[in-house]
Amino acid sequence: MEGLILGIETSCDETAVAVIENGRKVLSSEVSTSEELHRKTGGIVPEVAAREQIRCMIPVLEMALEEAGLEGGWAGIGAVAVTVSPGLIGSLLVGVETAKTLSWVYDKPLVPVNHLLAHLYACWLDEGPEVALPIVGLIVSGGHTELVYMTDHGQYEWIGGTLDDAAGEAFDKGAKMLNLGYPGGPAIEKAAEEGDPTAFDFPRPMIDREGLDFSFSGLKTALFYFLKDQPSLLEDRRTVADLAASYQQAIVDVLVSKVLRAQSVYNTEGIILAGGVSANRSLRDQLKGKTTGPVYLSPRQYATDNAVGVAVCAHHNFQPQPIGKVTVCPNFDLR
Ligand code: KG4
Ligand code: ZN
């Protein structure tokens, strides 16, 4: 669908609104996060996240409209797209009810969007080259580690994923054990900059096992017992940096190895790397260094949760339905 699409994302602890032109140009992208509140609890409390969504939704919407130069000018907007799943139900409801209201009041079609697809589509922007299909995509976030084979818009096949923890969860829990704070991914990445990734030999779960599934709980447990036996390691900043770098390297090795295997099995030229963990520079660089084909990435600020991908996904998948204004985005119920 050409023209402007307003996207809304509230699946977790970010309240985000974006306005996208012709599926590629970001006119505005506003994100408010309740990360600070969750830092106190060392993780997300769903009730707290949902209440923050209520507080932030309207101001973020107003800011995004203003940034796009659209204050009051709804005539230019062709559709309202919103994340409907997966996510925390209390948080999702805030975005969905807001989108439904806007659709009703301004008489715009409503496009439900899957959060994981939105992550994939954040790689389809002006800043990057046109994505060539078919392609394999690796979506790595706080709650998901999924491999997808995409042959066309609307045609996605789930081809593998984690059997237990997600990659982002491994980062978050590892950072907690290393006393690096929350959220763990950026904290481990920062600490790892000064560390040696070969200093400690952590397991690479399932790396040699056939297939495209992942497992990260064993890695987390390995770090737990390693530190339980030698808690004094945490007292030395240099050692913590080595631990962070080695732990990060174990995650990166597994992710890179499995997505390259998927690329080879499905014989695709390129790879999409998406989701919050794809902000990790080490992961980005190592993947790019190990494949000759193109690696499509979102700009780093759109790797973690935002509404840009929501609107871009709607642009490529908009299909008006006979039942009325609500349109259907391809379902992406993974397993
Ligand atoms: O996609 P996202 O923003 O939210 C979910 O859908 O879950 O992903 C959040 C996850 C968190 O686990 C966070 O620690 C991780 O992405 N993350 C990172 C980095 N930035 C965010 N992991 C590794 N390196 C980063 N730079
Ligand atoms: Zn996400």
Side-chain angles (χ1 to χ4, degrees), residues 7-16 18 29 31-35 38-39 42-44 46 49 53 82-89 91-92 95 113-123 137-146 148 161-162 165-178 180-193 195 197 214 216 219-220 244-245 247-256 272-287 297-310 312-313 332 334:
I8 298 179
E9 150 63 36
T10 65
S11 67
C12 194
D13 59 335
E14 271 87 22
T15 313
S29 172
V31 182
S32 167
T33 177
S34 52
E35 199 173 275
H38 306 303
R39 198 164 281 148
I44 294 166
Q53 295 286 3
V82 61
T83 305
V84 291
S85 75
L88 304 174
I89 188 64
S91 289
L92 283 167
V113 169
N114 178 285
H115 180 64
L116 300 173
L117 287 183
H119 273 306
L120 273 190
Y121 277 99
C123 304
L138 174 62
I139 305 156
V140 267
S141 70
H144 290 267
T145 299
E146 316 287 359
V148 176
T162 184
D165 293 352
E169 207 174 336
F171 270 106
D172 292 337
K173 291 187 174 154
K176 204 168 183 176
M177 288 185 249
L178 293 170
L180 290 172
Y182 174 87
I188 288 197
E189 177 170 30
K190 186 155 190 303
E193 279 167 15
F214 305 77
F216 291 104
L219 170 63
K220 178 188 71 185
Y247 186 80
Q248 172 175 273
Q249 190 56 48
I251 298 173
V252 169
D253 280 350
V254 174
L255 293 175
V256 169
I272 295 180
L273 180 62
V277 177
S278 76
N280 188 280
R281 288 191 185 84
S282 187
L283 173 61
R284 288 177 167 233
D285 293 346
Q286 291 188 49
L287 180 58
L297 294 152
S298 68
R300 275 186 89 235
Q301 76 265 32
Y302 304 138
T304 46
D305 286 350
N306 66 86
V308 166
V310 177
V312 178
C313 180
F332 195 52
L334 287 168

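Read the numbers this way: they start at 1 and go in the same order the structure lists the ligands and their atoms.
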(request) Measure from the Zn ion (ligand 2) to every N/O/S atom of H119 and report the name of the nearest one. (result) NE2
(request) Without swapping roles, check the side chain of T145 against the backbone of A167 for a donor-acceptor pair under 3.5 Å. (result) yes
(message) With respect to the Zn ion (ligand 2), please indicate if H115 possesses an N, O or S atom at a distance under 2.8 Å.
(response) yes
(request) For the residue pair V31 and T15, establish whether any side-chain heavy-atom pair is separated by less than 4.5 Å. (result) no
(request) Look up atom OG1 in T10 and atom CD in Q53, then write down how far apart they are to the nearest 0.5 Å. (result) 4.5 Å
(message) Counting only heavy atoms closer than 4.0 Å, does ligand 1 sit against the backbone of R281, its side chain, both, or neither?
(response) neither
(message) Would you compute the distance between atom OG of S278 and atom CG of L138 and round it to the nearest 0.5 angstrom?
(response) 8.5 Å
(message) Just to confirm my output: which protein heavy-atom neighbour is closest to atom 7 (O) of ligand 1, and how far is it?
(response) G142 N, 2.8 Å
(message) Using a 3.5 Å distance criterion without hydrogens, assess whether the side chain of Y121 forms a donor-acceptor pair with backbone atoms of V308.
(response) no
(message) What I'd like to find out is whether the side chain of V84 reaches to under 4.5 Å of the side chain of L92, using heavy atoms alone.
(response) no
(message) Any nitrogen or oxygen of F171 lying under 3.5 Å from a nitrogen or oxygen in ligand 1? Just yes or no.
(response) no
(request) Could you tell me whether the side chain of N306 and the main chain of T304 form a donor-acceptor pair under 3.5 Å? (result) yes
(request) Would you mind listing which atoms of ligand 1 come within a distance below 4.0 Å of any non-hydrogen atom of T304? (result) 3 (O), 21 (C)
(message) I want to know if ligand 1 touches N280 in the polar sense, i.e. an N/O pair below 3.5 angstrom.
(response) yes
(request) Mind checking the CD1-CG spacing from I272 to L120? Nearest 0.5 Å is all I need. (result) 5.0 Å
(request) Report the part of H119 (side chain from C-beta onward, or backbone N, CA, C, O) that has a heavy atom under 4.0 Å from ligand 1; answer both or neither where that applies. (result) side chain
(message) To the nearest 0.5 Å, what is the distance between CZ on F216 and CG on D165?
(response) 9.0 Å
(request) Give a yes/no on ligand 1: does C12 have at least one heavy atom closer than 4.0 angstrom to it? (result) no
(request) Taking only heavy atoms of G168 into account, list the atoms of ligand 1 that are under 4.0 Å away from them. (result) 12 (O)
(message) Tell me whether D13 contacts the main-chain N or O of T33 through its side chain, where contact means a donor paired with an acceptor under 3.5 Å.
(response) no
(request) Heavy-atom contacts with D172 under 4.0 Å: which atoms of ligand 1 show up? List them by number with element. (result) 11 (C), 12 (O), 13 (C), 14 (O)
(request) Could you point out which residue of I251, D253, V277 forms a side-chain contact (heavy atoms from CB on, under 4.5 Å) with L283? (result) V277
(message) Suppose we measure from atom 3 (O) of ligand 1 to each protein heavy atom; which comes out shortest, and what is that distance?
(response) D305 N, 3.0 Å
(request) Would you check the N or O atoms of P183, main chain and side chain alike, for any that come under 3.5 Å of an N or O of ligand 1? (result) no
(message) What protein heavy atom lies closest to atom 23 (C) of ligand 1? Include the residue and the distance to one decimal.
(response) G185 CA, 3.4 Å
(request) Using a strict cut-off of 4.0 Å, indicate which atoms of ligand 1 neighbour a heavy atom of G143. (result) 7 (O)
(message) Pairs of nitrogen or oxygen atoms closer than 3.5 Å, one from E189 and one from ligand 1: do any exist?
(response) yes
(message) Side chain or backbone, does V140 bring an N or O within less than 3.5 Å of an N or O on ligand 1?
(response) no
(request) Would you name the N/O/S atom of D305 that lies closest to the Zn ion (ligand 2)? (result) OD1
(message) Any nitrogen or oxygen of E169 lying under 3.5 Å from a nitrogen or oxygen in ligand 1? Just yes or no.
(response) no
(message) Among all the protein's non-hydrogen atoms, which is closest to atom 17 (N) of ligand 1, and how far away is it?
(response) G276 O, 3.5 Å
(request) Taking only heavy atoms of H115 into account, list the atoms of ligand 1 that are under 4.0 Å away from them. (result) 6 (O)
(request) Would you give the length of the straight line joining atom OG of S11 to atom NE2 of H119, rounded to the nearest 0.5 angstrom? (result) 6.5 Å
(request) Calculate, to the nearest 0.5 Å, the distance between atoms CD and OG belonging to E14 and S91 respectively. (result) 10.0 Å
(message) Minimum distance, heavy atoms only, to atom 15 (C) of ligand 1: which one of D13, I44, V277 is it?
(response) V277
(message) Below the 3.5 angstrom mark, is there an N/O of G275, backbone or side chain, next to an N/O of ligand 1?
(response) no
(message) Between the side chains of E169 and K176, is the shortest nitrogen-to-carboxylate-oxygen separation below 4.0 Å, so that they form an ion pair?
(response) no
